[in-house]
Amino acid sequence: MSGYLSRSAKAIKETAAMIYNADYMFRALERPVASVACSGDLDNWVKGSDRDIGGFSDVWLDTTISGHAKFHGYISQKLPEDTRYKRSGYAMVRTRDPKPDILGAGTWDSSLYRYLALRVKADRRKYFVNLKSDTLINTDIYQHLLPIRTPGRWETVIIPFNAFTLTSNSVILAAQPAMASTKMETVGFSISDRREGPFSLEFAWVKAINTNFTFGELLRLSYHTEVTWKTDFDKLDKRL
């Protein structure tokens, strides 16, 4: 009961903050999706690797001295002894499955925002951002490559929600239904680039955001000649 009350209090606080921080059109510019400000926040995350099926990759999720989260470990290409598995070498972290609160099922609504924004520092390996929404099949995950421009340095990555691709067990599905954006459940990162060796990805925050010109999939203001998507993103970089 105490857990339900604490989740409900947090949900009410976050909702009130979004309303307070909305603009004059009652449009929220951003919503925190995942917090990793302290080691206690990592209790809301889970990790996994191919060791779950008998593989040999290692994965850790720690808090750095700077107060950021660090997803790191070692990817092993060694196959499990179980001959049913022909591939190995992956690791992942994600937020825990939501629990119900007084406002509903504990899920969040991404339809009010255009982009997923992530503050990250990655090495030169290939990572994916994973979103889980309310789906009939539990293994269905919406994925997008984490586009790293400056390996080894902090950067803000911005991905449109409608650019994510539906996958199941890392295989792209032929049918691509829209995600249940009003019932988002988890967000996370994964690595499965078929390369043996260590990996490291730090992240400071994950947010759902609008620009000054967007409200979810809608455009709030018309674009003029001097206003382009590039200038929109330049303003985002300064704001974030």
Side-chain angles (χ1 to χ4, degrees), residues 7 10-11 14-15 17-18 28-38 40-49 59-63 67-72 90-101 103-122 126-135 137-148 154-170 178-192 199 201-210 216-217 236 240:
R7 290 195 302 273
K10 182 180 179 181
E14 290 178 350
T15 302
M18 284 190 290
L29 289 178
E30 63 181 50
R31 181 196 192 283
V33 173
S35 175
V36 292
C38 63
D41 288 336
L42 297 188
D43 293 338
N44 296 322
W45 290 71
V46 295
K47 63 181 187 296
S49 73
V59 58
W60 296 280
L61 182 62
D62 307 314
T63 302
H68 306 133
K70 185 177 183 180
F71 167 44
H72 62 118
Y90 69 84
M92 54 75 65
V93 292
R94 65 168 176 83
T95 52
R96 290 187 182 275
D97 294 330
K99 295 181 179 180
D101 54 49
L103 297 182
T107 56
W108 55 281
D109 187 353
S110 70
S111 69
L112 303 176
Y113 304 89
R114 176 67 67 90
Y115 308 104
L116 186 72
L118 313 98
R119 186 66 175 169
V120 298
K121 182 173 75 170
K126 183 187 296 183
Y127 298 90
F128 283 90
V129 183
N130 305 320
L131 291 175
K132 176 76 168 65
S133 64
D134 185 18
T135 57
I137 302 175
N138 194 47
T139 56
D140 283 358
I141 299 291
Y142 287 87
Q143 291 189 310
H144 194 286
L145 180 68
L146 182 65
I148 298 299
W154 283 100
E155 60 182 289
T156 301
V157 174
I158 301 171
I159 306 171
F161 278 108
N162 61 12
F164 281 80
T165 301
L166 180 61
T167 67
S168 183
N169 294 317
S170 298
M179 69 174 71
S181 56
T182 60
K183 296 182 179 180
M184 302 301 294
E185 297 179 349
T186 68
V187 62
F189 302 92
S190 61
I191 178 172
S192 57
F199 67 91
L201 169 66
E202 294 184 45
F203 55 101
W205 46 255
V206 181
K207 300 177 182 178
I209 65 169
N210 282 307
E217 289 301 306
L236 268 178
L240 297 173

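Note that the numbering runs from 1 along the sequence shown for the chain.
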Value rounded to 0.5 Å, distance of [atom1] in [X] from [atom2] in [Y]:
X      : Y      : atom1 : atom2 : value
Leu146 : Leu201 : CG    : CG    : 6.5 Å
Lys47  : Trp60  : NZ    : CH2   : 9.5 Å
Thr156 : Tyr115 : OG1   : OH    : 14.5 Å
Lys207 : Leu116 : NZ    : CG    : 11.5 Å
Leu29  : Ile209 : CG    : CD1   : 9.0 Å
Leu112 : Glu30  : CG    : CD    : 14.0 Å

Any side-chain heavy-atom pair of [X] and [Y] under 4.5 Å:
X      : Y      : value
Ile159 : Pro147 : yes
Met184 : Thr107 : no
Val36  : Thr63  : no
Leu166 : Met179 : no
Ile141 : Phe164 : no

For a quick test of reading the model, state the closest non-hydrogen atom pair linking [X] to [Y] and the distance between them.
X      : Y      : value
Asp134 : Glu185 : CA-OE2, 3.6 Å
Ala69  : Leu42  : CB-CD2, 4.1 Å
Ala163 : His144 : O-CD2, 3.3 Å
Tyr127 : Ala122 : CE1-CB, 4.2 Å
Val33  : Ala208 : CG2-N, 3.5 Å

Of all residues at least two apart in sequence or in a different chain, which pass the side-chain contact (heavy atoms from CB on, under 4.5 Å) check with Thr95?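 With sequence neighbours excluded, Thr95 shows a side-chain contact (heavy atoms from CB on, under 4.5 Å) to Ala34, Trp45, Thr186, Val187, given in chain and number order.
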Main-chain N/O of [Y] paired to [X] side chain as donor or acceptor, under 3.5 Å:
X      : Y      : result
Arg96  : Asp43  : yes
Ser110 : Ser181 : yes
Asn210 : Arg114 : yes

Steps toward side chain to side chain contact (heavy atoms under 4.5 Å, CB included) verdict (Phe71, Ile191): CA-CA 10 Å; Phe71 167 44; Ile191 178 172; 4.1 Å; yes
Sequence-distant partners of Ser170, side chain to side chain donor-acceptor pair (under 3.5 Å), two or more places apart: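 By the side chain to side chain donor-acceptor pair (under 3.5 Å) rule, Ser170 matches no residue at all.
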Sequence neighbours left out, what passes side chain to side chain donor-acceptor pair (under 3.5 Å) with Tyr142? Give chain and number order.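 Result, side chain to side chain donor-acceptor pair (under 3.5 Å) vs Tyr142: none returned.
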Derivation and outcome, side chain to side chain contact (heavy atoms under 4.5 Å, CB included), residues Glu202 and Trp154: CA-CA 9 Å; Glu202 294 184 45; Trp154 283 100; 3.7 Å; yes
Report the C-alpha distance between Lys126 and Leu145 in whole Å, list the side-chain angles of each, state the deciding distance to 0.1 Å, and finish with yes or no for side chain to side chain contact (heavy atoms under 4.5 Å, CB included). CA-CA 7 Å; Lys126 183 187 296 183; Leu145 180 68; 3.1 Å; yes
Using the rule given for side chain to side chain contact (heavy atoms under 4.5 Å, CB included), can you reason through Thr165 versus Gln143, listing the C-alpha separation, both sets of side-chain angles and the distance that settles it, and then say yes or no? CA-CA 5 Å; Thr165 301; Gln143 291 189 310; 5.7 Å; no
Salt bridge (Lys or Arg N to Asp or Glu O under 4.0 Å) partners of residues 155-165, not counting sequence neighbours, each pair once: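 For residues 155-165: Arg149-Glu155.
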Polar contact flag, side-chain donor to acceptor under 3.5 angstrom, Ser111-Thr182: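 Note: Ser111 and Thr182 side chains miss the donor-acceptor criterion.
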With Lys70 via salt bridge (charged side-chain N to carboxylate O under 4.0 Å, His left out) - residues at least two apart: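 For Lys70, no residue satisfies salt bridge (charged side-chain N to carboxylate O under 4.0 Å, His left out) once neighbours in sequence are set aside.
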For Asp97, which residues count as a salt bridge (charged side-chain N to carboxylate O under 4.0 Å, His left out) partner, sequence neighbours excluded?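 With neighbours one apart ignored, the set is Arg94.
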Against Phe189, only a single residue in Phe199, Phe203, Tyr90 fulfils ring-ring contact (aromatic ring centres under 6.0 Å, His included); can you say which?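 Testing Phe189 for a ring-ring contact (aromatic ring centres under 6.0 Å, His included) against Phe199, Phe203, Tyr90 leaves exactly one candidate, Phe203.
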